[in-house]
Amino acid sequence: MEHKGNYNFTDIEAKWQTYWAEHNTFETKDEGSGKPKYYILDMFPYPSGNGLHVGHVEGYTATDVMARYKRMCGFNVLHPMGWDAFGLPAEQYAIKTGQHPELTTEQNIATFKEQLQKIGYSSDWSKEISTTDPDYYKWTQWIFLQIYKKGLAYESFAPVNWCPELGTVLANEEVIDGRSEVGGFPVEKKPLRQWVLKITEYADRLLDDLELLDWPESTKEMQRNWIGRSTGAEITFKVDGTDHTFDVFSTRADTLFGATFCVLAPEHPLVSEIVTLDEKDRVEDYCEAAKDKSEVTRTDVKREKTGVATGAFAINPVNGERLPIFVADYVLMGYGSGAIMAVPGHDERDHIFAKKYNLPIKRVLSPKSSHESLISIEEEAFLGEGILVHSDFLNGLEKAEALARMHHEIEKRGFGKRKVNYRLRDWIFSRQRYWGEPFPLAHDKDGKVHLVDEKDLPVTLPEMSDFKPSKTGEPPLSKAKEWCEVILNGVQCQRESNIMPQWAGSCWYYLRYIDSQNSKEAWGKEKERYWLPVDLYVGGVEHANLHLLYARFWHKILYDLGLVSTKEPFKKLIHPGMILGPNGEKMSKSRGNVINPNDVIREWGADSLRLFEMFLGPIDQPKAWQTQGISGTHRFLKRVWRLLVEEDGTLSSKISHKEEDLETKKLLHKTIKKVTEDTENFSFNTAIAAMMELLNFCYKKESLSFTTAKSFVLLLAPYAPHIAEELWLKLGNKKSVSDVSWPSYEEGLIKEKTVKLAVMFSGKARGTVDASVEASQEEVISLVSFDEKLSKYLEGEKPKKIIYVPGKVINFVI
RNA sequence: GGGGAUGUGGUGAAAUUGGUAGACACGCUAGAUUUAGGAUCUAGUGCUGCGAGGCGUGGGAGUUCAAGUCUCCCCAUCCCCACCA
């Protein structure tokens, strides 16, 4: 490493990492310290076998810069780390290699932890947790019991998302375009007994309380869309000649007069009840075929619409018309009531279906523009705004009035009611895998649920050699016969053999950190009141509709139970933009563009890596790794070193106790202000640029004051902590730089009295004059007229108008 | 189809309330120096032109003394959701 000059980052970094560990430098004192608290949280990693990647380093460096900065600013900072260690990859790896997931998890955690320490992550490791630790998941199970007792967990036998490849059921949030989020395997609908949490009961609050959060607007919008609140009406239709009725949900009750048929989803329970003898075979075949279709084909928007008539008719409650009832798979059982009133005149899907099966199409909205009224309703559905026609009491009304009137009429006549519908489904909370939290409950022979007593928690995972998932949906734990047998409340029971999903442990981990050693309760109330909410949460946007929604949901339940004191868990949220490979593509093994932080640290050092990742661009933007770029931040650190340290390792002779000259002093104070504000605003790239400017300036000077040198090192400390500690020591200080106060600046030194004032002629910039910020317009005009270059623009011209903005610009309009 | 974001040199990017576009860095060019290194230092580097100058923030209009920034229209890329009734 000699060729890199005498800045020996390898030794320096190792030295200070050891120092911090031995001195418990980052130990967090609890409440009562008198300092304001600041809780900085990273989304804890899944400890995969690949170790940390540069994407992790980005987020963790950002929080670490903040943690170190806030400590120096006098905050009591909590900056913990732990492991979201339950989950599929460990289990899949275990099945492949025969190693128990507990073992691989342990090894991976050790690797991750070592890597985090190598990047200089300033965590209080005494707070470390792992979701797989029985002392941790004991409380995950305990929270589940509270949720169950509150009536928010229930068993469902409805069709669920079954992934044969993974051998487990998945939540809606884990299915993307009919495929599993993990692995991308096809997903089918299959009826299986499942535990479900009533997240829909919290839909409104999850939606409304987004207002309270300092989160990226796009993330809030994603959650709003995912919750998908829509207001409309539920309208009840009678089946002609029977006592059967069915409800449809519609946001466009104003078009009820335009309904010409109804459609039931193939899974709708009424289908088999109302189908006529003539149509029975065809309908049964159709429903059977729909069942076989995987979610991938079923939800394909571009697929041709198909359906069959049931032979039955519904009565339109508003005018008594007979409407044929169809079964078609473009109607989904999972949304609304699984039945629709079809208005082909004003709905594109219904229109396509009506054309295909020769069903009547009625116009009930008359377009306002003459252009649109030329298009026949037979040709295409009219989707725009219009005036109601052929609609009895609604005729002549606009949409909003018509809707209100119809809603009123529906309720008055008693064939329906106003209704709010959500796209959000209840959360399917059980998985047919091994490596997860067992449920703390069992069933007796009559299927009645018995809870495990709280004092008997945790229900630990049984040791098993064969924990492969089955093709049938039978959970692996059911093979642990002895474990399954249990007596609860004196009754012989079978333990629940499903496990909780991967997300369970991460729903409350931020609460455990504050009191991770507590064996009596999940967390102490005092500690909760002191530390919550999390002030800054940093992690990937991919969790917008998963972890970030689930954790908010659990938090609200805990709030209702009086177990936490805040409505929301995470006050401010930041998503680090993904770091792409040097070719601008997502880093992946198959693309061969993965950058390993270990290699980078070995070659350039952790400080260079930290600085580089923060300098690459705005924290929330995606950015491509620049293989050459790291030499820039490395060079900067080397220059910092050479500025302050002689080649023999002693303090540079340039540094003296002399009073600093005014120009340097001014720049120093400007830099302190800039770095302070930019760090506060997470604008790390520009903060680093400001430090570079100050360095470049000092580097050319013959001498430097102790004050300037010290302030500079302090500014650098959150970003490049190892070199900062070493330089701080060389500057004759005893304490760790982490225990020193952040430098302050004097506004008076920052305000410039004279500036380079821009001179414009008719809006074109032609040059500058040095003018006082207090100079009058006359003074500035005279400065311009005495300027050799600028005066010529004024010759022979009389400006029509002069705009003068002191300290900024003077513009002569000619 | 719906929602969101982004678009500035060869590259990553800067730019208070509209006020000299390109800070800082990478790369490149020339030179210096040397213990020949992915070292260091100096100068230069938006495009175009010998030059004065002209042109420049995805494209087009507009507001303004002045627009990367404000308004309208269009284009491209990325992300999320999607037969959602």
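These numbers come from the heavy atoms of this one structure, side chains and all, not from hydrogens, waters or symmetry mates. Labels below follow one simple rule: chain letters A, B, ... track the order of the sequence lines, proteins then strands, and each chain is numbered from 1.
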State whether [X] places a side-chain N or O below 4.0 Å from either non-bridging phosphate oxygen (OP1 or OP2) of [N].
X	N	result
A:R639	B:U40	no
A:R224	B:G4	no
A:K623	B:G12	no
A:R766	B:G54	yes
A:R642	B:C41	yes
A:R349	B:C84	yes
A:N696	B:A25	yes
A:N225	B:A82	no

Greater than 12 external heavy atoms within 6.0 Å of A:E663's CD: no

Just to be sure I understand the rule, does [X] reach a base, reach only the sugar-phosphate, or reach nothing, if contact means heavy atoms closer than 4.0 Å?
X	result
A:V813	sugar-phosphate
A:V541	nothing
A:L616	sugar-phosphate
A:D350	nothing

Using only modelled atom types and a 3.5 angstrom limit, is any donor from either the side chain of [X] or the base of [N] paired with an acceptor on the other?
X	N	answer
A:N811	B:C65	yes
A:K808	B:U17	yes
A:E348	B:G1	no

Mutual orientation of the aromatic rings belonging to A:F353 and A:Y330 [parallel < 30°, tilted 30-60°, perpendicular > 60°]: tilted

Mutual orientation of the aromatic rings belonging to A:F261 and A:F326 [parallel < 30°, tilted 30-60°, perpendicular > 60°]: perpendicular

[X] [atom1] - [N] [atom2] separation (whole Å):
X	N	atom1	atom2	result
A:N681	B:A14	CG	P	13 Å
A:M692	B:G12	CE	C1'	12 Å
A:N545	B:C81	CG	C1'	8 Å
A:I176	B:C79	CD1	C1'	12 Å
A:I352	B:G1	CD1	C1'	11 Å
A:E221	B:G2	CD	P	15 Å
A:E173	B:C80	CD	P	15 Å
A:H634	B:C26	NE2	C1'	15 Å

Base paired to [N] (Watson-Crick or G-U; both N/O distances under 3.5 angstrom):
N	answer
B:A13	none
B:C28	B:G44
B:C72	B:G60
B:A39	none
B:G22	none
B:G1	B:C81

Electrostatic pair A:E267-A:K189, nearest N-O below 4.0 angstrom: no

Salt bridge A:K674-A:E693, side-chain N to carboxylate O under 4.0 Å: no

In B:G27, glycosidic geometry as syn within 90° of 0 or anti otherwise: anti

Work out how far the [atom1] atom of [N] is from that of [M], and round it to whole angstrom.
N	M	atom1	answer
B:A21	B:U57	P	12 Å
B:A14	B:A85	C1'	49 Å
B:G56	B:U69	P	14 Å
B:U64	B:C28	P	48 Å
B:A39	B:U35	C1'	11 Å
B:U63	B:G68	P	16 Å
B:U48	B:U42	P	28 Å
B:U16	B:A67	C1'	16 Å

Steps toward salt bridge (Lys or Arg N to Asp or Glu O under 4.0 Å) verdict (A:E221, A:R224): CA-CA 5 Å; A:E221 198 58 26; A:R224 284 187 199 109; 2.7 Å; yes

Closest listed nucleotide, where the reference is the side chain of [X] and the choices are [options]:
X	options	result
A:W604	B:G12, B:G38, B:C65	B:G38
A:R423	B:A23, B:A82, B:U42	B:A82
A:Y699	B:G54, B:U40, B:A15	B:U40
A:A758	B:C80, B:U20, B:G27	B:U20
A:T768	B:C24, B:U20, B:G38	B:U20
A:K756	B:A14, B:U20, B:G4	B:U20
A:K801	B:A39, B:C65, B:A66	B:C65
A:P618	B:A13, B:G19, B:C83	B:A13
A:R635	B:C81, B:A39, B:G4	B:A39

Between [X] and [Y]: side-chain donor-acceptor atoms closer than 3.5 Å:
X	Y	result
A:N811	A:Y804	no
A:Y7	A:R642	no
A:T686	A:D678	yes
A:T310	A:Y286	no

Of A:S762 and A:T686, the one whose closest RNA chain B nucleotide lies more 5': A:T686

Nearest-nucleotide 5' precedence on RNA chain B, A:E217 against A:Q626: A:E217

